[in-house]
Every structure is written in structure tokens, then in C-alpha cells.
2 protein chains.
Amino acid sequence: MAGVRGGSGPGQQVGLSRPRVLRGAVAIADERGLAALTMRSLAESLGVEAMSLYHHVANKEAVLDGLVEVVMAEIEEAVAGLDAPAPEDDWQRAMRMRVLAAREVLVRHPWAPSVFETRTGTSLAVARYFDGVLGLMRRGGFSYELGHRALHALGSRALGFSQELFEPDGIEAPEEALAAMAEEVPHLVAMIADASHGGAVLGWCDYQAEFEFGLDLILDGLERLRAAG
Amino acid sequence: MAGVRGGSGPGQQVGLSRPRVLRGAVAIADERGLAALTMRSLAESLGVEAMSLYHHVANKEAVLDGLVEVVMAEIEEAVAGLDAPAPEDDWQRAMRMRVLAAREVLVRHPWAPSVFETRTGTSLAVARYFDGVLGLMRRGGFSYELGHRALHALGSRALGFSQELFEPDGIEAPEEALAAMAEEVPHLVAMIADASHGGAVLGWCDYQAEFEFGLDLILDGLERLRAAG
DNA sequence: ACCTGAACACCGTTCAAGT
DNA sequence: ACCTGAACACCGTTCAAGT
């Protein structure tokens, strides 16, 4: 047959490696979503059989752990490139910039929160990031005790995302259904009606603005506690 | 063969039904974890073949949706049984009690947050709960606009849980590893050393206390904004 | 050392057949 | 109307075999 070796298909690799496997995994998750990432699809995208992957990663769990590493590396890079004030001068602004930089990375990898959520053990990469957050607060005048509480209070927000269990946007039913809804969730319906006075109706939630609101609420509260000693 | 019909095995049912299927699903998740919940294991626990389930639920997604309904019903019941102040008198205390009541339900179903996270669409049961939260804030003097922002700021905390991406507890390595860790995450190591002065070393995170701290941080901030008009 | 084909033990789900 | 057996199209993973 023709093309015995030198084909230019997706399997153009000179040899597999852990970084190459992880880069392939990120590409699939970015392009086709997390559900499309299987050992078989990953192997195929690398021009190799599924079983070959096991020479470079222990199993699929290890691939997911690797995805966390990749994302955290991108976040660390984004944070390093920041022109933030010294925490001694303005810890709150420094923290805000850090969190929003992390958030920008996550926007590029919308699957990332789901992967973070499934990881049980504490990854070193994540621990390093939180170590940086704690270090920032220390330089900003936090005691270890308050810094500890702050880490818990921030939770996933420190990494740039929050859990939106309920999206008011989801309520915007097609008019007729709204009347039926009004009995079940009167306050939500009224809230939407109130918001539509301004003009915007559908897609009226500005998630970035809401994220920043919640973040500032917490940071303001922490600053108050810090200042109070 | 003996025991043609009247056996007293797990399949003691007189006939399947959606509620019966969901109750079985909750039981499996409670006892053996979410991963153990498969259509086949669920069927077996009900003394039936897997394919029989499809006469009562559309598919596995519908089972997971049903789990959310069951949990939300338990939460609504817990909230209804609360002896909370009228929101007009003390919305913050009323809200705090509501959230902590929800949290108690979730503690009984540790798999619940994972299920909530995988649900994409807005469930009516969850919408109803958030409608109640918004109603409480309205009675407490919130505008719809601030109430809306409050719902976002609270996020999953309104239902009693928060995402702990990083558990400082996970750091408490077996002494020797700590020295190696000290280079990678110096602030976290120092934080733990600082905390151990008091006495408690391992298992030193009081998650309930940390949850309440974060909740109060947000509620205090919201009250400040509400009072400021 | 690295890659592979075949196979195993699972999944969720469909379908035609039973009562 | 409800339940079932057999089958299908997937998973992740093991194992013995190739180079």
C-alpha cells in the first residue's frame, strides 16, 4: 500500500510522550468537550492505538490529573505576566487581578471547572497556586488564621470560577410558559419583569459582572476583618 | 422451583413506579456512593431487570434529575419546619437558618453536590428554592436588582455547600514529606505550623465553621449594601 | 522500550418478543 | 401496560505477543 510511513495525518508524531498525550487531551476537550475525551478518541487523535497511551500515563484518571496541571501552568503563567501592585501596598487589588487572570484562562477551557470538581486528592499544582494566594495575603497583612479562613471563603472563586447552580437566564420561558411559571416562582418572574424595564430581557445576566460582584463582596469583607486586626 | 412469587428478597415490590425507582436510587447513592449507581445495580436492588426501569424513567439522566427532586423536597421540608424570624424583622438570621438547614440535608446525602453540578438545565425544584430565597430577601428589604446579585454571589452556598477545591488538610504530609513540601508551598506549611501551636494538628479544618464564616462574610456584605440603599 | 490486536468486564440503551 | 432476554455500540483496561 501507499503511504506506509510518511503520512501527514493527525498521527504525525515522532513518538508519544506524556506532554504530547496531555496536549492532545486538552485539544479534544477544547474542541469537542470533555465527554468526547476517551482513551480511544485521544489515541486516535494522536494516530496511535488506545493501548499505547498506557505507556505514558497510568490510566484515564492520570490524564485528568494532567489536564489540571496544564491549566494550572497556564494560570501561573498568566499571573506571572501581571503588572499588579505589591501586596504590601494594595493586597486587594493584587488579589483581584490574580483571580481575574485565572478566570480568563478558565474561559479558554470551559471544561476545566468540571475536571477540578472531579479531582479528589490535592494536586501539587493547585496547592502551589493557593500557596501563592496565601503568600499574597500574608504580605498584605493577614495573619495565618485569617488567611486560612480566607482560602476557605474564596474556595473555587480564588481560581476564577463559581458554581452557578441556578441560572435566572434559564427561566426566560417563551412568554406563554411564563404565566404558568408565575405561580411556581413568582419572585423570579417578577425579578425578570423588573429587570426588563431597563430594556435587556433575554441573556440579561452578565456573568463576568456577577462574578466580580461576588468576588469584591468577599474581598471587601476580608479587608474589613484584616483592618480590624 | 420453590419461591416462585412470594420471596422476601430485595424485589419485594408490588410493582415499579417512578417514586419507587427514585427511592432506590437514593438508597444506593447513600449506601454505596454515586459511582455504584448504574441502571443495572438500580434494577437489581429493586428485584427487576435493568430494562424494566425504562418504563418509569426516560433514561439515566432522568434518574439523576429525580435525585435532585428528592433532595430538594427534603430541603423544602427542612426549611418549612424552621422556627425562623420573619424576614421583615431579621432577614439575615432567617436566611442563615435556611441555608444551614439545607446544609444539614446535604450532609445526609454527600453525593448531592456532585449531582447538582452535572445538571445543566434549570430544574423546577431548584428554581422554586431560589424563588423562596429571593422572596425572603424581598421581604427583608432588598430591591430586585440587589436580590439578583445576591443570588449569584451566594451561588451553591444558598443550598448549603461550597466548592473546596483545595483542602489544607490534604497537605498534612507524614512529617518527612513536609520538609520537601516546604520548598514548594512554604506559606501553607507555615500556616499549618502556626495552627498547630494551639494544639490541633491533623484534621484541623472545621468545615462547618469555615462554611459559616464564608456565608456570614457574604450575608454581612449584602446587608451593608441593602442598608445603604 | 515501545506499540499492538484481541479480549474482558463493564456501561447505557434499543428492539422484538413475551404475558 | 408492564416486564424481559438478547443484542448493540460503546467504555476503560489487561495480557500476551510482536518489533
Side-chain angles (χ1 to χ4, degrees), chain A residues 1 3-7 9-26 28-29 32-68 111 114-115 118-121, chain B residues 1 3-7 9-26 28-29 32-68 111 114-115 118-121:
Chain A
M1 324 85 183
V4 188
R5 244 315 186 186
Q12 181 58 311
Q13 89 292 358
V14 283
L16 244 38
S17 66
R18 193 180 122 90
R20 200 181 286 273
V21 168
L22 296 184
R23 237 175 298 143
V26 169
I28 290 178
R32 296 191 275 143
L34 201 58
L37 176 62
T38 70
M39 295 302 272
R40 283 170 161 93
S41 72
L42 177 51
E44 191 186 11
S45 79
L46 295 165
V48 99
E49 295 299 316
M51 301 70 204
S52 305
L53 300 174
Y54 289 85
H55 289 275
H56 302 94
V57 291
N59 47 35
K60 189 175 181 183
E61 286 292 288
V63 173
L64 296 175
D65 287 343
L67 288 184
V68 170
W111 44 267
S114 302
V115 176
T118 62
R119 304 298 80 201
T120 52
Chain B
M1 323 89 183
V4 187
R5 245 312 187 187
Q12 181 60 314
Q13 88 292 357
V14 283
L16 243 40
S17 65
R18 193 180 122 90
R20 199 181 289 272
V21 168
L22 296 184
R23 238 175 297 143
V26 169
I28 290 177
R32 296 191 274 143
L34 201 57
L37 176 61
T38 69
M39 295 302 271
R40 283 169 161 92
S41 72
L42 176 52
E44 192 186 9
S45 79
L46 294 165
V48 102
E49 294 299 314
M51 301 70 203
S52 305
L53 301 174
Y54 290 85
H55 289 276
H56 302 94
V57 291
N59 48 36
K60 189 174 183 183
E61 285 293 289
V63 173
L64 295 176
D65 288 342
L67 289 184
V68 170
W111 44 267
S114 302
V115 175
T118 62
R119 302 300 80 200
T120 53

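All values reported here derive from a predicted model rather than from experimental measurement. Every chain is numbered from 1, with letters handed out A, B, ... down the list of sequences.
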Look at A:R119 together with A:E61 and state whether they make a salt bridge at an N to O cut-off of under 4.0 Å.
-> yes

Please report, rounded to the nearest Å, how far the C1' atom of D:dC10 is from the CG atom of A:L42.
-> 17 Å

For C:dC3, take OP1 and OP2 only and decide whether either is under 4.0 Å from a side-chain N or O of A:H56.
-> yes

Against the side chain of B:E49, the closest entry in C:dT4, D:dT4, C:dG12 is D:dT4

Applying side chain to side chain contact (heavy atoms under 4.5 Å, CB included) between B:V57 and each of B:L64, B:D65, B:V21, report the one that passes.
-> B:V21

For C:dG18, what is the paired nucleotide under Watson-Crick or G-U wobble rules, both distances under 3.5 Å?
-> D:dC2

Provide, to the nearest angstrom, the distance between the CZ atom belonging to A:R40 and the P atom belonging to C:dC10.
-> 15 Å

Whole angstrom is fine here: how far is it from CG in B:L53 over to C1' in C:dC15?
-> 17 Å

Here the distance between atom P of C:dC3 and atom CZ of A:R20, to the nearest Å, is 10 Å

Report which part of the nucleic acid B:S52 touches: base, sugar-phosphate, or nothing (heavy-atom distance under 4.0 Å, all strands).
-> base

Closest to the side chain of B:A50, out of C:dG12, D:dG12, C:dT13, is C:dT13

Atom pair distance, as rounded to whole Å: CE in B:M39 and P in D:dT4 | 14 Å

When the distance from CG of A:N59 to P of D:dC11 is rounded to whole Å, what number comes out?
-> 17 Å

Heavy-atom donor-acceptor pair, A:S45 side chain to A:G24 backbone, under 3.5 Å = no

Indicate whether OP1 or OP2 belonging to C:dT13 is found under 4.0 Å from a side-chain N or O atom of B:Y54.
-> yes

Rounded to the nearest angstrom, tell me the gap between atom CZ in A:R18 and atom C1' in C:dA1.
-> 19 Å

Sugar-phosphate, base or nothing in reach of B:M51, heavy atoms under 4.0 Å = base

Integer-rounded Å distance: C:dT4 C1' and A:E44 CD | 16 Å

If you take atom types as modelled and just measure distance, does the side chain of A:H55 reach the base of C:dC2 with a donor-acceptor pair under 3.5 Å?
-> no

A:V26 and A:W111, any side-chain heavy atoms less than 4.5 Å apart | yes

Partner nucleotide of C:dA7 by Watson-Crick or wobble geometry (both distances under 3.5 Å) | D:dT13

For A:S41 and A:A36 the tightest heavy-atom approach is OG-O, 2.7 Å

